[in-house]
Amino acid sequence: MRLNEKPLGFVINFLLGAAWAFVLMGAVTSFLSFYQDSFIVALISALIGALPGLIGVLVMEYFITDKEKLSELKRQTELLEKLADQKEG
């Protein structure tokens, strides 16, 4: 778990897992739907079927990265304020 807030981290990780499940479900169902026609068509449809889930994964990962960046910037701000107070005093 990468997020420090417990409830938010749980929700984000749950949604990330659900997005990966949609990737797998979309790819498998699309592949099996078109497997009788052609293997190439089945692979292309599997990639297209996985796209909505992959977009969800990207959104969740972006959110996690953004929250990590914000917490790191807060930590750096605190350290810089301590350094500035030490130089003044």
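With salt bridges taken as basic N to acidic carboxylate O contacts below 4.0 Å, none links E78 and R75.
Hydrophobic cluster membership is shared by F63 and V23, with clusters built from Ile, Leu, Val, Met, Phe, Trp and Tyr side chains linked at under 4.5 angstrom. Grouping the Ile, Leu, Val, Met, Phe, Trp and Tyr side chains by contacts below 4.5 angstrom, directly or via other members, places L58 apart from L51. Following chains of ILVMFWY side-chain contacts shorter than 4.5 Å, one can reach L8 starting from I64, so the two form part of one hydrophobic cluster. Connection of F22 to I55 is not established within any shared hydrophobic cluster, with ILVMFWY side chains joined at heavy-atom distances below 4.5 Å, either directly or through further cluster members.
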Derivation and outcome, side chain to side chain contact (heavy atoms under 4.5 Å, CB included), residues V28 and L24: CA-CA 6 Å; V28 170; L24 183 64; 4.1 Å; yes

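A distance of 14.5 Å separates CZ in F34 from CD1 in I40, rounded to the nearest 0.5 Å. Between the CG atom of D66 and the CD atom of E61 there is a distance of 12.5 Å, given to the nearest 0.5 Å. For the atom pair CH2 of W20 and CG of L15, the computed distance is 14.5 Å after rounding to the nearest 0.5 Å. In this structure, CG in D37 is found 9.0 Å from OG in S45, a value given to the nearest 0.5 Å. Summarising the geometry, atom CG belonging to L43 is positioned 11.0 Å from atom CD1 belonging to I48; distances are rounded to the nearest 0.5 Å. Atom CD1 of I12 sits about 9.0 Å away from atom NZ of K67, to the nearest 0.5 Å.
F39 has its ring centre less than 6.0 Å from the ring centre of F31.
Panel note: side chain S30, backbone A27; no donor-acceptor pair is recorded below 3.5 Å.
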